[in-house]
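To keep things clear, I will list the structure first and then write my remarks on it.
This structure is a prediction, so every number in the text was calculated from the model and none was measured. In what follows, every heavy atom counts, from backbone to side chain, and hydrogens, waters and symmetry copies are set aside. We're numbering straight along the sequence, starting at 1.
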Amino acid sequence: MTAPGPPALVWGVELLLFAAAVVPAGELFRRLAARWVGLFRNLGPVERLLLDLYLGGGGLYVVASVPLGLFSLPGVLAYLAVTIAACAGWVAWDRRRTAGSVRPRWRPTLRLAPLLVLAATLGLYAVEVAVAQAQPVGNTYDTSLLVDYASLLLRHHQLGLSLAPIAPELTSYPQGATVWIAAAQLLFHLPPARAPLLVTPLFLSLGPLAGYVWGRRLLGSPWAGAAVGLVFALVGSWTRVEVATSNDFVMSFPLVLWLLARVDVWAGSGPRWGDAVAFGAVAGYSAALNPVGAEWLFLIVVLFAALGVRRASLRAAARWVGRWLAAGAATLAFILPSLWVLSVGRGNPTPLTGAVSLLPRVGAPGLSASQFIGSVDPFLFGPSDVWLSPFPALRAELAVLLVAGAVVLLVPSGFERLGPAGVGFRRMVAAAVAAAAGWLGMLVASRSGVPGFAEVARVASGAELSIYLFTAYTLLAAVPLVLVLHWAASRSPARAGAEPRGRPPSAGRAVRPSGHPERAVAIALAVALVLPGAIVTGTDFPTYVRDLYSDFGRLGPADFALFSWATAHLPTGARVLVAPGSSAQFLPGYVDVTLLYPVLRVASNASYVELDRELVNGTLTSAGLADLRVLAVQYIVVTGNNTDLWAPFSPLPLLAAGPTEFPVDFEEPPVYVFGVND
């Protein structure tokens with residue numbers, strides 16, 4: 001089917017323009033803070049571009065969070081216009097002030113290493129946009145929540161603390177992703193149901209750029225950055241699996257990598273106050289997008305610093321802890337609304353109407369021991385082992401690269417070949433792996449009922465922490481490619497044939513030929529390492545992601561016809577019964593209705609659970625009719641099988657009851673809208 005929305009080429013360009021419009025705001029904020037924040041100074045072009053994009057998005061998040069109703073089309077346009085003009089004026093003034101005294105800042109972008117990563121990023125971006133454009137929606141359950149959040153933001157012009165009137169729940173989850181989605185809807189008039197799907201490719205494609213910054217920062221070499229960036233782009237594909245269920249994780253992932261690249265400031269006695277607060281503030285915005293990355297980072301900071309301690313005084317330790325607490329406070333400032341919800345309501349639903357009984361929680365939260373092993377072990381090679389890589393060929397290559405990288409880091413003569421930063425690099429990998437494994441272990445303790453760990457599962461995700469663990473493995477997998485690229489660079493013709501500085505070429509000395517067999521071997525080996533990933537990314541990957549989307553988001557023309565009909569015919573505030581995972585969960589993006597029951601915890605209301613069971617089985621007993629009255633249902637929406645997560649309602653018992661009880665207000669099989677007569 002042809003889903004509504006812009007064509008792939010048009011949207012690909014518009015999404016880049018959207019990002020380009022946000023970047024000047026980030027550049028302005030970065031320049032303003034750079035006087036006190038060393039983290040924001042002396043950045044390469046790639047790193048500056050990545051950070052500016054997120055700082056600009058963070059500013060937009062603040063605009064949406066302030067309870068003044070500023071988030072509207074005029075407000076967003078004013079934010080972009082003012083920041084673009086201010087940034088352009090500052091840059092022009094800075095260039096006039098320094099004319100002739102500094103070299104142009106764009107020259108480093110012409111180096112081959114970042115250009116390779118930029119090319120891989122653009123290629124991945126094109127694939128992601130094309131795949132997304134071919135799908136109707138993302139996951140009908142998870143992305144419908146983002147659509148519901150965005151609809152409330154667009155309706156009230158500020159982020160809310162509850163889902164009312166859509167559902168009687170508090171919004172305990174940070175909504176940084178909501179702001180990106182809502183802004184794109186405002187500026188480009190995207191179909192609400194498709195907005196999360198269409199915005200996400202921008203962030204999926206930023207992974208290689210963040211990998212480049214990571215490698216460049218940790219090992220001090222553009223070629224090391226290129227190695228890590230190419231592995232992220234072409235080999236380590238686990239983050240792409242999450243796009244089917246967690247758009248907010250995908251959006252936060254590149255920013256978490258940038259923060260991880262700057263963890264080195266916590267070595268020794270720790271950063272200055274300005275750097276600590278800035279690190280925490282950026283981590284806070286990453287937590288506003290998805291909290292798991294910030295949880296991982298703050299434990300890494302502790303482990304990274306502890307692994308580097310040789311001799312420390314009590315005064316130095318107190319200074320470090322003070323900075324760490326300041327960073328934590330800055331982080332919490334960005335998620336205060338969510339913390340308030342967790343402390344007051346714990347995200348639990350409130351009664352809809354009348355007496356509503358709640359079912360007890362089934363099973364303990366957290367991970368089992370077997371799930372923990374599966375999350376840590378990257379060499380399972382089972383048919384469903386997609387966390388390492390969904391592609392068998394890349395799983396095999398990653399296994400070999402991981403072993404080779406581990407050997408290099410375990411042997412002193414090996415990691416010393418990475419250069420002066422090799423020791424710190426090894427410490428970073430160890431801290432990142434240990435932090436993720438530690439969090440996963442705490443989830444196992446939570447499931448096992450160990451005292452003090454019961455609440456861990458409420459704020460952490462085993463699946464996302466597993467992906468962060470495999471992200472740390474990416475550094476290991478990139479080590480062989482780093483060494484190969486360094487070898488190729490050291491054997492370059494220009495370096496091999498160069499004369500010592502200050503010495504003229506001797507007439508009697510033979511000049512080395514420009515060809516160098518060792519360099520050719522190194523280049524061939526580097527190509528061999530990334531070629532399988534390039535082939536799979538261009539061939540198997542699009543099909544795999546399309547199938548993944550189809551498993552969780554199958555919509556047809558009838559579903560979009562439902563949205564159009566609802567916009568014109570469903571009354572404001574109507575109480576609509578929908579099946580979990582049904583396309584009808586997107587309705588609040590089109591019309592102001594209440595979804596029954598509830599949006600976030602579909603199995604918590606006894607009346608809803610009984611109705612769902614009956615309608616899925618094609619029955620409606622007197623008990624079910626009583627549940628309809630308890631929940632005060634006004635409309636029942638029946639759709640097709642939109643997701644593999646849950647079964648849809650059956651229209652048969654409603655059709656059999658006849659129009660006197662359930663009149664058909666909309667019919668385009670398999671989609672029906674039934675009214676409910678008292």
[X] to [Y] - nearest heavy-atom pair and separation:
{"X": "A327", "Y": "A276", "result": "CB-O, 3.3 Å"}
{"X": "R30", "Y": "R48", "result": "NH2-CD, 3.1 Å"}
{"X": "A472", "Y": "V433", "result": "CB-CG2, 3.8 Å"}
{"X": "P192", "Y": "G589", "result": "CG-O, 3.4 Å"}
{"X": "S72", "Y": "L186", "result": "C-CD1, 3.8 Å"}
{"X": "G284", "Y": "I335", "result": "O-CG2, 4.3 Å"}

Exercise for review: Start with the C-alpha distance between W296 and V292, add both sets of side-chain angles, then the distance that settles side chain to side chain contact (heavy atoms under 4.5 Å, CB included), and finish with yes or no.
Suggested key: CA-CA 6 Å; W296 181 54; V292 179; 5.5 Å; no
Practice item. Show your reasoning for whether side chain to side chain contact (heavy atoms under 4.5 Å, CB included) applies to F232 and Y212. Key: CA-CA 9 Å; F232 268 116; Y212 172 83; over 6 Å; no
Would the distance check show the side chain of [X] and the main-chain N or O of [Y] forming a donor-acceptor pair, the cut-off being under 3.5 Å?
{"X": "W439", "Y": "E295", "answer": "yes"}
{"X": "S144", "Y": "F586", "answer": "no"}
{"X": "R426", "Y": "L409", "answer": "yes"}
{"X": "R41", "Y": "R35", "answer": "yes"}

Practice item. Start with the C-alpha distance between W320 and W266, add both sets of side-chain angles, then the distance that settles ring-ring contact (aromatic ring centres under 6.0 Å, His included), and finish with yes or no. Key: CA-CA 8 Å; W320 189 94; W266 293 92; 5.7 Å; yes
Does the side chain of [Y] come within less than 4.5 Å of [X]'s, by heavy atoms?
{"X": "L153", "Y": "I181", "value": "no"}
{"X": "L259", "Y": "S286", "value": "yes"}
{"X": "L257", "Y": "V213", "value": "no"}
{"X": "T474", "Y": "L398", "value": "no"}
{"X": "N290", "Y": "P174", "value": "no"}
{"X": "D94", "Y": "R97", "value": "yes"}
{"X": "L476", "Y": "V429", "value": "yes"}
{"X": "L159", "Y": "F71", "value": "no"}

Could you pull out all donor-acceptor pairs under 3.5 Å where a side-chain atom in residues 195-211 meets a protein atom, sequence neighbours excluded?
residue: T200; atom: OG1; partner: P196; partner atom: O; Å: 2.5
residue: T200; atom: OG1; partner: N247; partner atom: ND2; Å: 2.7
residue: S205; atom: OG; partner: P201; partner atom: O; Å: 3.2
residue: S205; atom: OG; partner: L202; partner atom: O; Å: 2.8

Going from [atom1] on [X] to [atom2] on [Y], what distance comes out if it is rounded to the nearest 0.5 angstrom?
{"X": "W90", "Y": "E27", "atom1": "CH2", "atom2": "CD", "answer": "9.0 Å"}
{"X": "E14", "Y": "F188", "atom1": "CD", "atom2": "CZ", "answer": "5.5 Å"}
{"X": "W223", "Y": "R216", "atom1": "CH2", "atom2": "CZ", "answer": "12.5 Å"}
{"X": "L303", "Y": "M428", "atom1": "CG", "atom2": "CE", "answer": "11.0 Å"}
{"X": "L529", "Y": "L230", "atom1": "CG", "atom2": "CG", "answer": "10.5 Å"}
{"X": "I467", "Y": "Y473", "atom1": "CD1", "atom2": "OH", "answer": "13.5 Å"}

Study note, to complete from the structure: Partner of L255 under side-chain contact (heavy atoms from CB on, under 4.5 Å), picked from L260, L55, V282, is V282
Revision key, fill the gap. In L481, V482, L483, the residue satisfying side-chain contact (heavy atoms from CB on, under 4.5 Å) with L485 is L481
Hey, can you tell me if [X] and [Y] have their rings parallel, tilted or perpendicular (30° and 60° cut-offs)?
{"X": "Y285", "Y": "Y61", "result": "tilted"}
{"X": "F249", "Y": "F253", "result": "tilted"}
{"X": "F29", "Y": "Y79", "result": "tilted"}

Review point. Counting only heavy atoms not in L9, do more than 12 fall under 6.0 Å of its CG?
Key: no
Point to revise | Which residues share a side-chain hydrogen bond (donor to acceptor under 3.5 Å, both in side chains) with S269, sequence neighbours left out | key: R319
**Study point:** Geometric cation-pi criterion R427 and F304, 6.0 Å radius, 45° cone
**Key:** yes
Review point. Regarding R217 and the six-membered ring of W214, is the cationic atom NZ or CZ under 6.0 Å from the ring centre and inside 45° of its axis?
Key: no
Exercise for review: Using the side chain to side chain contact (heavy atoms under 4.5 Å, CB included) rule, take L32 and F40 through it: C-alpha gap first, then chi angles, then the decisive distance, then the call.
Suggested key: CA-CA 10 Å; L32 288 170; F40 293 169; over 6 Å; no
Check your understanding: With no hydrogens and no angle check, do the side chains of Q133 and W11 hold a donor and an acceptor under 3.5 Å apart?
Key -> no
Review point. Going by atom types only, do Q158 and S65 share a side-chain donor-acceptor pair under 3.5 Å?
Key: no
Check your understanding: Quick one: are the ring centres of F18 and W180 less than 6.0 Å apart?
Key -> yes
Point to revise | Pairs where residues 265-279 contributes a residue and the test salt bridge (charged side-chain N to carboxylate O under 4.0 Å, His left out) is met, not counting sequence neighbours | key: none
**Study point:** Derivation and outcome, side chain to side chain contact (heavy atoms under 4.5 Å, CB included), residues Y125 and E128
**Key:** CA-CA 5 Å; Y125 175 74; E128 295 286 358; 5.7 Å; no
